[in-house]
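Accompanying notes for the structure given below.
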Amino acid sequence: MVMAPTPDCKDVGIDRTLCAVLYDKENCDRSNNYLSILPGAQGVLPLISLQTKGLRANDAESLIVKDRCKLELWDKKDGLEKGSLPDLVFDRMAWWNILGDKYVDELDDDHDEMNEAISAYRCTCRDSMWG
């Protein structure tokens, strides 16, 4: 019996209207909790979420950041409010970025200190140079 490969973040993709998406499970598994972040949005993740698809603080394990966008992440829930430097930044805003969207299948692979540690976020995007 041949098993199909497990989809990863690149397979899942991101809607062109979004800035980023944080996922509760590895490989951007949409069957679990996730948070779709619009351009210009910022906030603190709740400790408890009563929503079906609500992401909680310290739960994110994978993410996607849209091309031309920057996602800033804080470990402490008051880091954003206090104006602290972010603990982790995924910056895809440079005009010369030819790599496109950023896919992180498992935060613990390269950013273990932020795996299941994200409490606050800010996401900004720039307009396309081509219209």
Dump the intermediate steps for side-chain contact (heavy atoms from CB on, under 4.5 Å) on L107 and E61, then the final yes or no. CA-CA 5 Å; L107 273 167; E61 293 184 33; 5.7 Å; no
Has S62 got a side-chain atom pairing as donor or acceptor with K25's backbone, closer than 3.5 angstrom? yes
Hey, is the main chain of N32 close enough, under 3.5 Å, to the side chain of D24 for a donor-acceptor pair? no
Where do [X] and [Y] come nearest, in terms of heavy atoms and distance?
{"X": "I118", "Y": "L73", "result": "CD1-CD1, 3.6 Å"}
{"X": "P39", "Y": "T17", "result": "CD-O, 3.3 Å"}
{"X": "L80", "Y": "Y121", "result": "CD2-O, 3.5 Å"}
{"X": "E72", "Y": "P86", "result": "OE2-CG, 3.7 Å"}
{"X": "S119", "Y": "D75", "result": "OG-O, 2.7 Å"}
{"X": "I14", "Y": "K66", "result": "CG2-CD, 3.6 Å"}

Spacing of [X] atom [atom1] and [Y] atom [atom2] [to the nearest 0.5 Å]:
{"X": "C125", "Y": "M93", "atom1": "SG", "atom2": "CE", "result": "7.0 Å"}
{"X": "K10", "Y": "K102", "atom1": "NZ", "atom2": "NZ", "result": "11.0 Å"}
{"X": "D8", "Y": "I64", "atom1": "CG", "atom2": "CD1", "result": "9.0 Å"}
{"X": "L63", "Y": "Y23", "atom1": "CG", "atom2": "OH", "result": "9.5 Å"}
{"X": "N58", "Y": "L47", "atom1": "CG", "atom2": "CG", "result": "7.5 Å"}
{"X": "S36", "Y": "L22", "atom1": "OG", "atom2": "CG", "result": "9.0 Å"}

Say whether V44 and L55 are linked into one hydrophobic cluster, either directly or through other cluster members, by side-chain heavy-atom distances under 4.5 angstrom. no
Surrounding CD of Q42 (heavy atoms of other residues, nucleotides or ligands, distance under 6.0 Å), is the total greater than 12? yes
Tell me, yes or no, whether the heavy-atom count around L85 atom CG, taken from other residues, nucleotides or ligands under 6.0 Å, exceeds 12. no
Would you tell me whether C19 and C69 have their SG atoms within less than 2.5 Å of each other? no
I'd like to check the side-chain hydrogen bond (donor to acceptor under 3.5 Å, both in side chains) partners of R92; sequence neighbours left out, ordered by chain and number. none
Listed once per pair and sorted, the side-chain hydrogen bond (donor to acceptor under 3.5 Å, both in side chains) pairs that draw on residues 104-116, sequence neighbours left out: none
Apply side-chain contact (heavy atoms from CB on, under 4.5 Å) to R56 and L45, showing your working. CA-CA 5 Å; R56 296 185 323 240; L45 295 171; 6.0 Å; no
Residue pairs passing the ring pair (Phe, Tyr, Trp, His ring centres under 6.0 Å) test with at least one member in residues 58-78, sequence neighbours excluded, are none
Starting from the C-alpha separation in whole Å, work towards a yes-or-no answer on side-chain contact (heavy atoms from CB on, under 4.5 Å) for N27 and T6. CA-CA 8 Å; N27 297 318; T6 304; 4.1 Å; yes
